[in-house]
Amino acid sequence: DSGVTQTPKHLITATGQRVTLRCSPRSGDLSVYWYQQSLDQGLQFLIQYYNGEERAKGNILERFSAQQFPDLHSELNLSSLELGDSALYFCASSAFRQETQYFGPGTRLLVL
Amino acid sequence: GENVEQHPSTLSVQEGDSAVIKCTYSDSASNYFPWYKQELGKRPQLIIDIRSNVGEKKDQRIAVTLNKTAKHFSLHITETQPEDSAVYFCAATPNTGNQFYFGTGTSLTVIP
């Protein structure tokens with residue numbers, strides 16, 4: 001157990017819908033990262049937040065957005081969902097000035 | 001930005017043999033290189049990492065080597081066991097607390 005939690009574990013929805021994925025970082029970690037992993041694909045970096053502020057942006061679609069709240073948990077919002085958005089979504093966290101990222105168990109999203 | 005290439009994409013070895021996975025990176029400013037193991041449907045787990053001021057690091061049957069001049073680093077697993085079967089990802093990052101740039105993964109199968 002990495003100490004990073006994600007909810008829900010599984011999510012099934014229809015095209016055009018909107019979902020919210022939640023991540024709680026390890027206690028004390030200020031940075032949260034979101035990654036997308038499609039079937040048989042690698043880990044695609046989406047976005048990073050540090051202490052509530054957006055820090056880095058990767059290949060995140062305009063239909064996707066994220067935020068980090070004062071209690072440091074983060075939410076990834078996916079809207080106007082398409083079949084191709086079906087994937088595993090991981091969040092990871094790291095401590096201040098520490099490189100190591102610890103991954104959560106992921107949310108498996110299936111868009112039908 | 002950084003670009004990480006990983007080879008091979010698949011690797012099969014007999015139990016007890018060694019396995020080597022290689023990664024190259026493009027940004028000479030990268031200074032932290034973690035390796036993650038991901039079992040099917042599970043979260044990536046850090047297995048070993050190396051910083052740019054070190055050329056080699058070992059942890060039991062696992063070792064990582066780094067050649068900064070050639071910009072490549074490798075994962076070595078000795079005396080492989082069936083439970084080593086998984087997908088392995090390398091990554092590089094140029095700055096503490098910034099995003100990881102992941103390789104495309106190597107699916108390792110250890111044949112009993």
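Just so we're on the same page: letters track the sequence lines, and every chain starts at 1.
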Worksheet item: Rounded to the nearest 0.5 Å, how far apart are CG of A/Asp1 and CD of B/Gln45?
Response: 9.5 Å
Worksheet item: Do A/Leu109 and A/Leu61 belong to the same hydrophobic cluster, where Ile, Leu, Val, Met, Phe, Trp and Tyr are linked whenever their side-chain heavy atoms lie under 4.5 Å apart, directly or via other members?
Response: yes
Discussion item. Give me the atom names and distance for the closest heavy-atom approach of A/Tyr35 to B/Phe102.
Written reply: CE2-CE1, 3.5 Å
Item to complete: Using a 4.5 Å cut-off on heavy atoms from C-beta on, say whether the side chain of A/Gln37 contacts that of B/Phe89.
Response: yes
Worksheet item: Is it true that atom CD of B/Glu83 has more than 12 heavy atoms of other residues, nucleotides or ligands lying nearer than 6.0 Å?
Response: yes
Worksheet item: Got a sec: does the CG of A/Leu83 have more than 12 other heavy atoms crowding it under 6.0 Å?
Response: yes
Worksheet item: Are more than 12 heavy atoms from other residues, nucleotides or ligands located less than 6.0 Å from atom CD of B/Gln81?
Response: yes
Discussion item. Can you tell me which portion of B/Tyr101 sits under 4.5 Å from chain A's heavy atoms? Options are side chain, backbone, both or neither.
Written reply: neither
Practice prompt. Kindly compute the distance separating NZ (B/Lys42) from CZ (A/Phe90), expressed to the nearest 0.5 Å.
Written response: 11.5 Å
Worksheet item: Distance from B/Gln99 atom CD to A/Gln101 atom CD, nearest 0.5 Å?
Response: 9.0 Å
Practice prompt. Select one option (side chain, backbone, both, neither) describing which atoms of B/Pro44 are under 4.5 Å from chain A's heavy atoms.
Written response: both
Worksheet, complete the sentence: One should read off an interatomic distance between B/Leu46 CG and A/Thr100 OG1, to the nearest 0.5 angstrom, of 5.5 Å
Item to complete: Please determine, among A/Ala92, A/Ala56, A/Ser2, the option with the most heavy-atom pairs under 4.5 Å with chain B.
Response: A/Ser2
Discussion item. Rounded at 0.5 Å granularity, tell me how far CZ in B/Arg51 sits from CD in A/Glu99.
Written reply: 4.0 Å
Worksheet item: Given that the side chain runs from C-beta out, which part of B/Gln6 has a heavy atom under 4.5 Å from chain A: side chain, backbone, both or neither?
Response: neither
Worksheet item: In terms of hydrophobic clusters joined by side-chain contacts under 4.5 Å, are B/Tyr88 and B/Ile48 together?
Response: yes
Practice prompt. Could you tell me the separation between the CG atom of A/Leu43 and the OH atom of B/Tyr36, rounded to the nearest 0.5 Å?
Written response: 9.5 Å
Worksheet item: Hey, any chance A/Tyr102 and B/Tyr32 share a hydrophobic cluster, counting ILVMFWY side chains that come within less than 4.5 Å of each other, even indirectly?
Response: no
Item to complete: Go through the atoms of A/Lys9 and report whether side chain, backbone, both or neither lie under 4.5 Å from a heavy atom of chain B.
Response: neither
Worksheet item: Taking a hydrophobic cluster as the set of Ile, Leu, Val, Met, Phe, Trp and Tyr residues connected by side-chain heavy atoms closer than 4.5 Å, whether directly or through intermediates, do B/Ile47 and B/Val64 fall within one such cluster?
Response: yes
Discussion item. Are B/Val4 and A/Phe45 connected into the same hydrophobic cluster when the rule is that any two of I, L, V, M, F, W, Y join if their side-chain heavy atoms are below 4.5 Å apart?
Written reply: no
